[in-house]
Amino acid sequence: MAKIIDGKAYAEGLRGRIGKAVAALMSEHGLTPGLAVVLVGEDPASKVYVANKAKQTVEVGMNSWEHKLPADTPEKDLLALVEKLNNDPAVHGILVQLPLPGHIDSTKVLTAISPAKDVDGFHVVNVGKLSTGQDSLVPCTPVGSVMLAKDVLGKLDGLEAVVIGRSNIVGKPVAQLLLAENCTVTIAHSKTKDLPAVVRRADLVIAAVGRPEMVKGDWLKPGATVIDVGINRIERDGKGKLVGDCDYASCEKVAGAITPVPGGVGPMTIACLLYNTVKAACAAKGIPQPEM
Ligand code: NAD
C-alpha cells in the first residue's frame with residue numbers, strides 16, 4: 001500500500017510559514033505583501049477559486065483586493081485595470097482568473113501584467129526565465145507538485161520522471177522544474193505511443209491530463225511516486241465525485257507514494273500563490289526572500 005501524500009497538511013504548514021514570514025516582513029521592513037485578483041464574469045467555479053484565494057490571502061496577513069468585472073467588460077477596460085494595478089506600489093501580485101470571456105484575448109491580457117507582479121508565472125518573460133534556469137515567478141500548481149515530490153523523496157537527482165500532459169499551465173512548467181532538480185524528464189501527451197510503457201519507466205509520475213482515472217496501477221513501476229494533478233468531476237453511484245487522472249484504487253496498490261484527489265495537489269495551488277506574492281513583494285522592495 002502506498003504512502004498517502006497529504007497535500008492538505010503540507011499546504012497548511014506552508015501557509016503557517018508564510019504567515020510568519022509576512023509578520024516578520026511587516027515588523028522588520030514595514031512591508032505588507034498585497035495580491036490583487038481580477039475576475040471577469042460569473043463562472044461559478046472561478047467565483048469559488050477567487051473567494052478562496054482572497055480568504056487565504058487575508059488569513060496569512062497580506063493585503064487582498066478583488067476586482068469583479070461584468071462578463072461584457074471590453075478588453076480595453078480590463079487592460080486599463082491591469083495597467084493601474086501594474087502602477088500601484090501596494091500591489092505586489094496580480095492574478096487575472098482564467099478562463100476569460102471569449103471576446104477577450106487572454107494572451108494579450110496575461111502579457112500586459114508586469115512580469116514582476118505575474119504571480120501566476122504565465123508571462124513569457126517568466127516562462128523564458130524558468131526555461132533558462134533564471135530565478136522567476138513559476139506557475140503555482142507545478143511549484144506545489146514538486147514541493148510534494150521533494151517532501152516524500154528528498155533529492156530528486158537522477159530520477160526518471162514522466163510528466164503526462166504538455167499544457168503551459170502544468171505540464172511544461174513542471175517538466176522544467178524537474179529538469180532543474182536533475183531528473184531525467186519525459187513529457188508524454190495525447191500523441192505519445194504506448195503511454196503505459198513510457199509511464200512504467202518512471203520513478204516519479206506527474207499526471208496532468210484532465211482524463212478521469214486514466215493511469216492504471218499496472219502502468220506503474222512498483223514503488224513509483226505518483227503526483228496526480230488532475231481534478232475531474234464525475235458521476236458515480238448517482239453522486240457527484242472528484243477524481244484524479246490516476247485510478248487511485250489500482251495505483252495505490254503499486255505506487256510507493258501517491259497524492260489523493262481531493263486533498264493532494266489541489267490545496268497546494270493557493271498556498272504557492274501566496275508564496276509567489278511574498279517572493280514578488282520582497283523582490284520589489286529589494287530584500288532577500290525569507291525562508292518559507
Ligand atoms: P490541458 O487540457 O490544458 O492539458 C492536458 C494535457 O493532457 C495536454 O497537453 C494533452 O496533450 C494531454 N493529454 C490529453 N489526453 C491525453 C491522453 N489520452 N494521453 C496522454 N496525454 C493526454 O489541462 P491542464 O490545464 O494541464 O490540466 C490538467 C489537469 O490538471 C486537469 O484535470 C485540471 O483540472 C487539473 N489542474 C489542477 C490544478 C490544481 O490542482 N489546482 C491546477 C491546474 C490544472
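If you read the sequence from its start, that first residue is 1, and numbering goes on from there. Atoms within a ligand are numbered from 1 in the order they appear, just like the ligands themselves. It should be emphasised that the depicted structure is a prediction, and the values quoted were computed from it without experimental measurement.
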- Query: Near ligand 1, which residues have a heavy atom under 4.0 Å away from one of its atoms?
  - Reply: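 Contacts of ligand 1 under 4.0 Å: Thr141, Ile164, Gly165, Arg166, Ser167, Val170, His189, Ser190, Leu195, Ala208, Val209, Gly210, Arg211, Met214, Val229, Gly230, Ile231, Asn232, Val265, Gly266, Thr269.
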
- Task: Identify, with sequence neighbours excluded, every residue that meets side-chain contact (heavy atoms from CB on, under 4.5 Å) alongside Thr184.
- Result: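 Per chain and number, Thr184 pairs via side-chain contact (heavy atoms from CB on, under 4.5 Å) with Glu160.
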
- Return the set of residues passing side-chain contact (heavy atoms from CB on, under 4.5 Å) with Tyr248 (not counting sequence neighbours), or none when no residue passes.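 With neighbours one apart ignored, the set is Ile4, Glu252, Ile258, Pro260.
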
- Query: Does the pair Glu75/Lys108 count as a salt bridge with the N-to-O cut at 4.0 Å?
  - Reply: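 Yes, charged N to carboxylate O under 4.0 Å.
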
- Message: Donor-acceptor pair, distance only, cut-off 3.5 Å: does the side chain of Asp245 make one with the backbone of Glu213?
- Response: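 No; judged by distance alone, with no hydrogens or angles, the pair does not exist.
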
- Task: Determine whether the side chains of Ser136 and Gln134 contain a donor N or O and an acceptor N or O closer than 3.5 Å.
- Result: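 No, because no side-chain N or O of Ser136 sits under 3.5 Å from a partner of the opposite role on Gln134.
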
- Query: Which side-chain hydrogen bond (donor to acceptor under 3.5 Å, both in side chains) pairs, counting each pair once, include a residue from residues 110-123, with sequence neighbours left out?
  - Reply: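 Found Asp118-Asn126.
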
